[in-house]
Structures are given as C-alpha cells and as structure tokens.
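Since the model is a prediction, treat every value here as computed from it, not as a measurement.
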Amino acid sequence: MGRIDRIAEPWGTRTPYGRGEPWPARVDTMLDDGLVPDDVDRWVQSATILHSNGDGLDIAVKDDRIVGVRGRVQDRVNHGRLGPKDLYGWQANHSPDRLTRPLVRKDGELVEASWDEAMGRVVGRAQELLAEQGPSALGFYTSGQLFLEEYYTLGVVAHGGIGTNHVDGNTRLCTATAAAALKESFGCDGQPGSYTDVDHAEVIALFGHNMAETQSVLWARILDRLAGPNPPAVVCVDPRETPVARAATVHLAPRPGTNVALMNGLLHEIVVAHDWVDHDYVGRHTVGYEELAERLKDFPVERAAEICDVPADDLREAARLIGTTDHLLSTVLQGFYQSHQATAAAVQVNNVHLLRGMLGRPGCGVLQMNGQPTAENTRECGADGDLAGFRNWSNDAHVADLARVWNLDPMQIPHYSPPTHAMQMFRYAEDGSLRLLWVQATNPAVSLPELGRIRSILAQERLFLVVQDVFLTETAQLADVVLPAATWGEKTGTFTNVDRTVHLSEKAVDPPGEARADLDIFVDFAHRMGLQDKDGAPLVRWHDPESAFEAWKECSRGRPCDYTGLTYDRLRGGSGIQWPCTEEHPDGTERLYADGKFFAAPDYCESYGRDLVTGAPLEPTEYAAMNPEGRGVLKFAEYLVPHETPSEEFPLQLVTGRTLYHFHTRTKTGRVPQLQAAAPDVWVEVSAHDAAALGLEEGDLTEVSTPRGAVRAKVRVGGIRPGVVFLPFHYGYWDTDGGHAPDGTARAANELTLTDWDPCSKQPIFKTAAAAVRKVAPGGGVPAPAPTTTGSAPVTAGVPATVGGRAAEVDEDLTTEPPGRRR
Ligand SMILES: Nc1nc2c(c(=O)[nH]1)N[C@H]1C(S)=C(S)[C@@H](COP(=O)(O)OP(=O)(O)OC[C@H]3O[C@@H](n4cnc5c(=O)[nH]c(N)nc54)[C@H](O)[C@@H]3O)O[C@H]1N2
Ligand SMILES: Nc1nc2c(c(=O)[nH]1)N[C@H]1C(S)=C(S)[C@@H](COP(=O)(O)OP(=O)(O)OC[C@H]3O[C@@H](n4cnc5c(=O)[nH]c(N)nc54)[C@H](O)[C@@H]3O)O[C@H]1N2
Ligand SMILES: [Mo]
C-alpha cells in the first residue's frame, strides 16, 4: 500500500506487463481526510461517471454520507484503477449549492415551488402546445450522463407518447460520429473491439484522441504495456503535443481539419503502394473494394503530406506500422469527430480494419470512442433520435416492431423523416416553431457552439424552457421551470461504456432536499400527461429502475444490443458484462464480428447509410442493391477543405477541447478543491513560434477572437503546431461574478465556435475556426493557470509543476490478484 499524489501523477504507479499477459491489478482508494477503510459503514457498487471508460468502483458510505471511492479489482475494465476525476469528483455531490427544490419563474425571477406546482406548469404548457400546434412544438434535449432506464423511459415518452421527432442528446456534440461511422461501415452502431485488445496489440493508433487525459485508466493500461516486455508501437494523430504524442513511436501533427487527406494518404500506402490488403477477407466479407482502390490512386502520400503539412516520411512510417502488423488497435475521438468531414474521416479508420481483416480477434479492434459515461445508452435507447434497440427509422418493419413492443399504432411513432438533430432543434426554437424545450443533464449555454446565439435562443419569451439539473447552471438560469435532480450515488441504474460493458450503479445515499431521480421525474410526467398505449393502459408500465430495465430488455431482444441475458442480480458482485448478453451467451460477448458477419443485412441493419459528402440518406433499394448480403462496407471519401480557413484578419486556426482535471462545464469538477486548484481558470495554448511572432510570453493576458466573438485568456507557450491555438472549453460563467459581457470578461471557448456541422452525423465542428490572438496585458512573470502535467505542459522553463499536495494523496494497493474471469 502506498500513498501518492494523483494530481501530480495522474496515471499512478506503473504495473508493467507483456503482450498477452493479464493486466496486473492496482486498487486505488480515496477516502475523506483521516478515514481508513475500516471506518466505512458500507461499500456500494457503481462505476465511474466523469468519462466513457466505465471503470468499476465502490462508493464508501459512512453515517449515510459518501466519504470516498475504491476501484473494483474484479472489474474487467480497470482491475481496480481510478483516474483523478473519479478519485476526487464525488465530493461535488456534497456541494452546498445543490438544487434541492423545484424553481419556477414568477415576475421574471426563479422562485422555489412545490413539485406539484412545477410539474403542473410543465404539463399545462405541454398540453396547451399539443392542442394548439401538435407534437412538433415540443422538443427534448437530453444527455450522455443519465442512466439506461432513464433514456429508455424518455424515448418511450417522447417518441411514443408525445409523438415528437424532436428528441436528441448532447451525444450529438459527442459521439454522433461514432454511431454514424459504425453504421456506414458495419450497418449498425455497436463497438467492434474490446479493451482487452490493448493487452494483445502490437500497434495502437490514436486518431484525434488524447486518451491520456480523457480515458486516463485506459491510457494507464497502454502505459503499462509500454513499460513491459515487447511493448506496442504507438501512432498518434494530433496537432498538439499531448501525453499520447510524447509516448508515440510516430506523431503526426496535421493541420486541423485535414484528417480525410491524412487517412487517404495512409490508405494509399496500404492499398496502392504496398498492397498490404487481406484480399481473402476483403473478398469474402466486404463490398466496395474496387472503387476505393481506384479512387485512392489519386492520393499519393506526397499529396496528403502537403495538405496536412506533415513530413511524407512520417506518413510512410505510420502506414508501414499500421499496414504490416497482425495486431492493430485503433481509437478515434473528437479530433476526428468534431470536424467538417467527421464521418468521412472516421469511416477511413474502419476501412483500414476491413482492408486488413483486423476485427474480432484479440488485439485487432477499432474503438470508435464514446466520450460521456452513458452515451452508448442514449443511442441504444433511442433518446438521441434513433429508434430504440438500434431499429432503423426508415425500415417500416422496424417501426412496426417497436410499436408492437410499446403496444402502439406504428403511426404514433414519428418516422416521416430523419430524427431531428440537436442543432436543428435549436434552429426550430430560434424560428419559433419549437415552443417547449426540456433540457436534462446538459448545459447548452456553455457547451453548444456560438454561445451568443444560443443564449438569445434560450432566453426568448416565447420559448418555454425546462431544465432538469443538479446545479443552477448557466442554462438553468434561463429556464422557466428548474427541476432538481438526484445524481450518481443517489439513484440506481445501469450504464454501458465504450466497449459495451454494462455496469450497475446502486443508490448509496439519499439525494439532498426534494431532489428526485430523473427516472421518477419522467415516470411522473408520463402519468400526469395521461400517456396511454393503444388499449388505454398506461404507456409507461414500470415504476422503478429494475422494472424499467426489464422493460428495456424486451425492447432489445433480438437486436444487436441484446440485454436479455442480464439482470440486476447478475451485475451485482462481480465485473461488468459486455452486451450482447443472451441465453446463448450468458457471459456476454467480448468482440463483435468475430466471424466476419456484420449487422448489415438490409432487413436488419440500423441504417442504409448516407452520402459521405452531402449526408443524404440512401434509399432502402439503393442499399439492398449495394450490399445485399450485409457485408462490411468500404467507402471512399474525397478530401474537402475546412469551411472556415485562416484569413488576413484571422490568421490562426483555433481548436478547443479538454484538460485532464476538468469535466465539461465543470459543474462537478469545478466544485472539487483538488481538481479546481489543478486548472483554476482558462488559458490559451500558443506555439513558441507564434508566441515569438506575436510578441507573447508565458502568462501574458490575450484576447482570442474569431468572427463570432472574443474571449480573454492567459498564454501558455506549449507544444502545439505553429499556426494553431488551443482553448479548453470548460470555463463558463457560473463561478465568475461578471459573466460573458462584451467588456472583456468573456472566457467560454464556445463564444468563438461556429454554427456548422458534419453533413452525415450532424455533429458540430468544435475543432476548426479561424482566429486571431493579440496581447492585452503582460503577465509579469506569473505563468498561465494551465496544468504542467498534460498536453498543456509549458515549453518555457521556470513554470512550477502542478501538484495536489496532501489533500490529493490516495492509496494504491499493488498486492491484489487481478480478475481471472473472461480474460
Ligand atoms: N478529463 C476529461 N476527460 C473527459 C472529458 C472531459 O471533459 N475531461 N469528457 C469526456 C467526453 S464527453 C469526451 S467526448 C471525450 C473527448 O476526448 P478527446 O477527444 O480525447 O478530447 P478533446 O480534447 O476534445 O480532443 C482530442 C484531441 O483532438 C485534437 N485535435 C483537434 N483538432 C484536430 C484535427 O483536426 N485532427 C486531429 N487528428 N486531431 C485534432 C486536439 O488537439 C485534442 O488533443 O473525453 C471524455 N473524457
Ligand atoms: N468548444 C467545445 N465545445 C464542446 C466540446 C469541445 O470539445 N469543444 N465537446 C462537446 C462534447 S463532446 C460534449 S459531451 C459536451 C458536454 O457538454 P454538457 O453536456 O453541457 O456538459 P456538462 O457540463 O457535463 O453538463 C452536464 C450537466 O448535467 C448535470 N448533471 C450531472 N448529473 C446529472 C444527473 O444525474 N441528472 C441530471 N438531471 N443532471 C445531471 C450537470 O450538473 C451538468 O450541468 O460539450 C460539447 N461542447
Ligand atoms: Mo463528449
């Protein structure tokens, strides 16, 4: 047992292991100051909630209060490890400014109200609008942070009960491209790979993914392989010198927005220049090879090198690593997804795996990553617009089948057009056709692009805004009704991580005041609205998490995400379990597509695919003609230049993203002392080259501007490619006293981003905009408030290292046996 400051050392102590060996255990424990494990009254099973990795943990409870967390050694995902946000983040549950009573707007002010009054207002307005305008006046904007049972209920209520097509989640900003890319290549959402692929991989390629900071326990697994015998080669594609880039065998730092060119260059090497193609696999299991190979001829590596401004030899070396290994694991995230050709680029990574037959075997996987802890469930349950159970909205038989499960007439489930995506919902609210917007567990007033516009949409008199949250966020402050929610640790439910591992998260303590579980709020709404099935019985027939889970299982039966073999009891005590989990596969399924069979048959697939350039959906007949046997689909994409390119006035490229210590709009991590101190305020990363050209030094105050607005941030001279600047998007206004005024107090990165999205996935573009940076005041030798332990590490000497001190010390136990199950 050792004590270690996990702010200073985010990935903890190394436990090296060799290829094909089990990943050793390391149990991380953080308890309130002065407590030891023996003081704990009970440990309550759960998993991590501040990213998508799904690390199993137990919540420590003493005197009916959460007092800490401990990693679950028996969990297949983390073998006991936890990341910094998880070790310290639970303290936010105790914040004195939690919402504890509903609020309603009276004479312009939000005042406390009873649940009856608050729900009465929501139901009253919903019924008025249904009578006046019909279901399309109502929209639901949900999250990737609720539980499966909650999304399923919301999907039934919104699609089936209300009958609106305007249902989406913040997953649109997050993993819409993961889903879209999986649908394009494999006919259906669902992660092919498994985290255990890290144990077997010879090459690991990370595409626009700063895993070290965003899935830090998965990165610890890779670091442990790198520290062991026969380590894997790592390929990193990222314009910043992230910790991943620093550990990489080859780091490609392309111009932002050039991912498709880069991928085409790599694919040219693999297909055209060297024929590193598994022709047997391609011939038996894919369609589209001839066209792809033909189109790639026009994309020699020199062309890619020029567009991306990356050395051609580095591209060749990356292609050689990827093209010659027998065990390739790829991961893809926001550097690819939040871009103008998001789906097109992510699909090219799938192409690599199809071309090389690298799917469904240990060490051969693609992880089209999720970001949020429960984003997978938003998608599965159809709370993001898709239909529940990965059913295909343009396949009438699927709609009829869902209607059977819900006991509704198929015509009651809207499927006349693609489900409305979030950016379009905000457009409808702006136009005035969408009149009631119910926002749950997301903070669009900080996280959507072009915040000036978003604030004006949300603040409109004619829009009835309902916000269901844990805190009075920037968004909640604009609401007509605020509903106080219980959160993780205060309610029970299940959720599913990136590699399809389902975890149960049990209620450890009561929520504060009158706060209620999101599930209870949805069920209450359904009853108050009198929503019924076609026989006049209540549409929502469940009343608690477990009965909701059982209902969902029936909905998932026979679909790719089949949960029928799972129960709450089976999820208790041991490890999380990967779907599909059925009677035939009671221990779950480690990898999809082991036999080269995809969920892509025309009558089974979730989507018929889209045109990668225009986003136009394919007709059922077009798809059936292209892919009659339901094979993997190889699709070429031509490179297109980003929509906003640098100009004389805005000569730089702005990318936005994350830091290790904060989660999104910091509603939780900003209230946690160790995390907040590690990254207390916004900064802007500038390369040494640009800093010199602009006369900037570490710590100088600057104004960063784009055609949409300006923010102020202190300079971190860091390892980012010249011509590119980076802003973390975590800093909004709830903990400032001024707030987003045009007087120079604005600091949210999204003041600067543009209203634009990928044509296929409709995911907004947060990673390319033209920007300018100018000095406002010298820093006087005080460094920027940016961590030194991360991708924002300084290149200048003399910046003190980020540490957490005694308050950040946690226990690491390296003596426990690793889990034996399902290796
Ligand atoms: N600490 C922390 N962890 C998190 C979260 C958090 O808020 N904080 N959020 C969770 C969520 S919801 C998500 S979605 C994930 C996101 O996880 P990531 O995608 O890893 O995080 P980002 O910082 O958004 O972006 C990753 C990288 O993309 C690079 N990039 C920018 N433009 C380009 C480009 O054009 N091409 C390429 N190849 N790369 C580019 C950036 O330099 C950045 O380092 O993290 C999850 N985990
Ligand atoms: N510029 C820029 N913008 C981005 C991104 C970027 O990289 N750059 N990334 C995008 C991505 S990937 C994402 S995922 C989004 C994230 O953006 P948001 O979804 O806005 O981020 P959060 O701050 O996590 O908001 C979640 C809210 O849910 C509340 N909450 C937590 N638990 C519960 C619960 O159990 N019930 C209820 N009702 N509420 C709860 C929290 O208090 C918080 O207000 O941001 C997107 N915006
Ligand atoms: Mo995300």
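Counting heavy atoms from C-beta outward, L267 and L355 have side chains that approach closer than 4.5 Å. Using a 4.5 Å heavy-atom threshold, the side chains of I7 and L675 count as touching. Looking at heavy atoms from C-beta onward, N350 lies out of side-chain contact with S330 at the 4.5 angstrom threshold. Q348 is listed as a side-chain neighbour of N264, based on a closest heavy-atom distance under 4.5 Å. Counting only heavy atoms from C-beta outward, the side chains of S505 and F495 approach each other to under 4.5 Å. The side-chain heavy atoms of Y661 and T789, taken from C-beta on, include a pair separated by under 4.5 Å. Between Y17 and R221, some side-chain heavy-atom pair lies under the 4.5 Å cut-off. Counting heavy atoms from C-beta outward, E269 and L266 have side chains that stay 4.5 Å or more apart.
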Full working for side-chain contact (heavy atoms from CB on, under 4.5 Å) between M369 and Q334: CA-CA 9 Å; M369 295 293 293; Q334 300 310 354; over 6 Å; no
Worked check of salt bridge (Lys or Arg N to Asp or Glu O under 4.0 Å) between R316 and E302: CA-CA 10 Å; R316 285 194 191 95; E302 292 76 15; 2.5 Å; yes
Intermediate values then yes/no, side-chain contact (heavy atoms from CB on, under 4.5 Å), D75 and S575: CA-CA 4 Å; D75 200 89; S575 169; 3.9 Å; yes
Working for side-chain contact (heavy atoms from CB on, under 4.5 Å), residues S194 and R76: CA-CA 10 Å; S194 164; R76 63 177 299 280; 2.9 Å; yes
D189/E376 under side-chain contact (heavy atoms from CB on, under 4.5 Å): CA gap, chis, key distance, verdict: CA-CA 9 Å; D189 198 342; E376 188 66 38; 4.2 Å; yes
Ring pair (Phe, Tyr, Trp, His ring centres under 6.0 Å) assessment of Y593 paired with F186: CA-CA 9 Å; Y593 314 140; F186 311 125; 5.3 Å; yes
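No donor-acceptor pair closer than 3.5 Å links the side chain of E184 to the backbone N or O of V347. No donor-acceptor pair under 3.5 Å is formed between the side chain of T175 and the backbone N or O of N370. In this structure a side-chain-to-backbone donor-acceptor pair under 3.5 Å is missing from R631 to G288. Panel note: side chain H285, backbone G596; a donor-acceptor pair is recorded below 3.5 Å. Counting only distance, with no hydrogens or angles, the side chain of T788 and the backbone of T802 share a donor-acceptor pair below 3.5 Å. Panel note: side chain N78, backbone G56; a donor-acceptor pair is recorded below 3.5 Å. Judged by distance alone, the side chain of E812 and the main-chain N or O of I4 form no donor-acceptor pair under 3.5 Å. A donor-acceptor pair is defined here as one N or O able to donate and one able to accept, closer than 3.5 Å; no such pair exists between the side chain of W23 and the backbone of D199. Judged purely by atom type and a 3.5 angstrom limit, R658 has no side-chain atom pairing as donor or acceptor with the backbone of T656. Within the 3.5 Å criterion, the main-chain N or O of R246 finds no donor-acceptor partner in the side chain of H251.
In the displayed structure, E306 atom CD is contacted under 6.0 Å by at most 12 heavy atoms of other residues, nucleotides or ligands.
Looking at Q578 and Q191, their side chains never bring a donor and an acceptor atom within 3.5 Å of each other.
The existence of a salt bridge linking R19 and E202 is confirmed by a sub-4.0 Å separation between a basic side-chain nitrogen and an acidic carboxylate oxygen. The pair D197-R591 counts as a salt bridge, with a side-chain nitrogen and a carboxylate oxygen less than 4.0 angstrom apart.
Using cut-offs of 30° and 60° for the angle between ring planes, the H664 and F729 rings count as tilted.
A side chain to side chain contact (heavy atoms under 4.5 Å, CB included) with L218 holds for exactly one of L223, N497, N53; it is N53. When the options R3, R81, R6 are evaluated for a salt bridge (Lys or Arg N to Asp or Glu O under 4.0 Å) with D28, the one that passes is R6.
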